[in-house]
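Note on naming: letters A, B, ... go to the chains in the order of the sequence lines (proteins, then strands), and numbering restarts at 1 for each one.
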There are 2 protein chains.
Amino acid sequence: MDSDMVAEVRRFNRTVTQRVGALNDHYLGGDRSLGASRLLWEIGDGRDLRSLRGTLGLDSGYLSRLLRSLEADGLVTVEADPADRRVRVARLTAAGKTERSALDRRSDGIAEMILAPLTERQRERLVAAMADVERLLRVGMVEVEAVDPDHPDARYCVQAYFKDLAVLFEDGFDGDVVLAPDMETVLVARLGEEPIGCVGMYEPEPGVCEMKRMWVHDSARGLGLGRRLLVELETLARQRGATSIRLETNRSLTSAIALYRSSGFEEVPPFNAEPHAHHWFRKQLT
Amino acid sequence: MDSDMVAEVRRFNRTVTQRVGALNDHYLGGDRSLGASRLLWEIGDGRDLRSLRGTLGLDSGYLSRLLRSLEADGLVTVEADPADRRVRVARLTAAGKTERSALDRRSDGIAEMILAPLTERQRERLVAAMADVERLLRVGMVEVEAVDPDHPDARYCVQAYFKDLAVLFEDGFDGDVVLAPDMETVLVARLGEEPIGCVGMYEPEPGVCEMKRMWVHDSARGLGLGRRLLVELETLARQRGATSIRLETNRSLTSAIALYRSSGFEEVPPFNAEPHAHHWFRKQLT
DNA sequence: GCAATTCTCTGACTAGAGTCAGAGAATGGA
DNA sequence: TCCATTCTCTGACTCTAGTCAGAGAATTGC
């Protein structure tokens with residue numbers, strides 16, 4: 001890897017942990033410990049402990065103790081979930097909500113302290129660069145996993161995909177027509193817990209894999225996630241022993257079509273009668 | 001302050017502390033604690049404890065204890081400075097140097113982990129954006145202080161200024177000619193401990209302040225530090241009851257001249273016979 | 001209905017990070 | 001010379017953050 005790049009990333013790490021890290025440590029917690037504050041923040045309008053542990057990456061014993069201390073201060077209540085009385089749900093009290101908005105103000109304050117010493121033009125440059133850094137760091141955090149089409153995350157993505165299509169297609173889109181897919185596997189891309197992209201696959205005939213329903217969340221567009229899903233799909237198809245991948249698509253999806261072409265797909269005659277399709281592609285796996 | 005900007009900075013803080021912060025915490029320390037590792041790194045080729053405390057922001061008792069533990073592991077030696085036997089100087093042993101380069105490799109590794117999941121183009125974009133963020137965050141960390149012209153930092157800056165001039169001036173520059181200034185105050189800009197810019201001032205006649213020797217370190221050019229020094233100088237002049245500021249400058253210093261003009265200075269006839277001067281400026285303080 | 005599993009909690013730890021109040025040596029200034 | 005100051009060290013703390021091993025309640029699968 002280019003050592004100039006590595007050097008710049010190291011410089012960035014250093015400056016950022018010094019400046020942003022120090023501000024966070026000093027101002028974010030307030031009277032409370034940083035961990036307790038973060039927890040307070042994440043609880044929001046009520047969360048079950050399991051998901052809180054997930055997002056914050058805490059040990060269950062530790063989380064319990066933090067909650068106990070917030071409870072003692074009258075900021076949260078923890079009750080059993082009526083649906084499953086093993087799981088418990090934390091909720092903010094009125095005092096907790098007040099505290100949370102104080103936390104909010106401190107976060108704003110930190111941001112303002114960072115912006116304050118700069119001129120307007122410098123602020124604009126900084127914010128633009130931060131947006132870039134943030135988006136690209138997030139790309140690095142995306143994880144792709146193969147799941148069953150019944151998996152809730154897969155269902156969520158496909159729903160989102162249909163919603164997008166309904167807006168995009170010139171002739172509208174009726175999800176019900178194709179809602180019963182033959183998909184065998186879905187690759188789900190997640191940022192942390194949240195699904196932000198997917199692509200489905202099934203094997204209509206031996207040696208041929210068909211790709212369906214590639215979707216990327218608005219917030220993650222333009223970051224190469226589509227290409228990454230395509231690459232991982234190809235790997236999966238190879239592992240299954242397929243010799244080619246095919247797909248059909250609608251003419252409205254121009255950027256997807258460009259992606260297919262630049263990824264080695266070639267347009268072929270129609271191989272099915274999918275109602276919304278205008279283009280059919282195939283890629284030979286070597 | 002623009003709330004979109006604040007929101008973006010907050011998003012940045014979150015993403016960066018999650019991604020970069022977590023990587024640092026997990027991989028940087030190695031077997032040693034993060035504090036000890038950072039200390040090891042900063043010692044480098046030998047540093048006195050005072051300056052180490054400054055850079056790392058540690059309590060003297062805590063630093064002492066950290067050094068004791070590194071000493072016990074045979075990584076550093078601490079000896080009295082022969083010049084002043086109260087101050088002690090820490091130096092790395094051979095084992096310490098080995099450990100430090102291992103630390104170096106871990107830092108590189110972290111940078112590579114950040115870059116690894118990206119395509120070449122994304123890497124380039126990330127590195128460019130990081131460089132921007134880093135430079136602008138550093139701007140925010142700059143502190144300006146008024147010191148005596150005898151202050152070592154002031155001397156250091158003026159020396160650096162003369163060195164720069166010797167290169168810039170068409171007809172060369174002999175610092176000795178003007179080495180005995182009448183400066184009364186010097187504003188020194190520092191990044192952490194290190195001086196990166198200055199501007200001097202004296203009062204040749206009642207109510208008139210004269211600006212001399214504005215200098216900004218190469219690494220800090222283009223970040224508006226010159227303008228900031230000028231603004232702070234103006235404030236200082238006002239506090240002293242001055243009604244105008246004047247200055248003379250050499251025609252080689254084009255960007256400085258542009259700065260003066262855009263800051264409200266107007267060219268006036270020569271008010272002195274400074275050998276290297278080609279332009280004279282004055283600004284009325286209202 | 002019973003066993004395995006899931007979920008949360010408590011108690012008992014550990015290590016890191018840092019603060020604070022002196023003690024004691026060395027130095028500098030009047 | 002002597003007193004104030006500077007510099008480092010030690011001891012005695014505190015707090016945060018986190019781990020680990022069980023205990024006990026609720027739920028699920030068979």
Go through the structure and list residues passing side chain to side chain contact (heavy atoms under 4.5 Å, CB included) with B:R38, not counting sequence neighbours. B:L34, B:L56

Can any side-chain N or O of A:D81 pair as donor or acceptor with the backbone N or O of A:A83 at less than 3.5 Å? yes

Separation of D:dC9 C1' from B:L70 CG (nearest whole Å): 16 Å

When the distance from CG of A:L63 to C1' of C:dC9 is rounded to whole Å, what number comes out? 11 Å

Carboxylate-amine/guanidinium contact B:R10 A:D104, below 4.0 Å: yes

Nucleotides 12-22 of chain C: protein proximity per nucleotide (B base, S sugar-phosphate only, - neither; heavy atom, under 4.0 Å): B---SBBBB--

Any sub-3.5 Å donor-acceptor pair from A:R228's side-chain atoms to A:V142's backbone N or O? yes

Quick one, give me the B/S/- string for nucleotides 23-30 of chain C, reading 5' to 3', where B means a protein heavy atom under 4.0 Å from the base and S means that only happens at the primed atoms, P, OP1 or OP2. ---BS---

Please report the distance, rounded to the nearest Å, between CZ in A:R68 and C1' in D:dT16. 18 Å

Got a salt bridge between B:E42 and A:R14, using NZ or NE/NH1/NH2 to carboxylate O under 4.0 Å? yes

Sequence neighbours left out, what passes side chain to side chain contact (heavy atoms under 4.5 Å, CB included) with B:A22? Give chain and number order. none

Whole-Å distance separating the CZ atom of A:R50 from the C1' atom of C:dC9: 16 Å

Length of the line joining A:L49:CG and C:dT10:P, which is rounded to integer Å: 12 Å

Would you say B:R88 places a side-chain N or O within less than 4.0 Å of OP1 or OP2 belonging to D:dT8? no

How many Å lie between CG on A:L67 and P on C:dT10, as a whole number? 10 Å

Take the protein atom CG of A:L40 and the nucleotide atom P of D:dT16, then report the distance between them rounded to whole Å. 15 Å

To the nearest 0.5 Å, tell me how far B:L126 CG sits from A:D132 CG. 8.5 Å

Output every pair passing side chain to side chain donor-acceptor pair (under 3.5 Å) with a member in residues 16-25 of chain B, not counting sequence neighbours, ordered by first then second residue. none

With sequence neighbours excluded, give me every side chain to side chain donor-acceptor pair (under 3.5 Å) pair touching residues 90-101 of chain A. A:R32-A:E99

Once you round it to whole Å, what is the distance between P of C:dT6 and CZ of A:R53? 12 Å

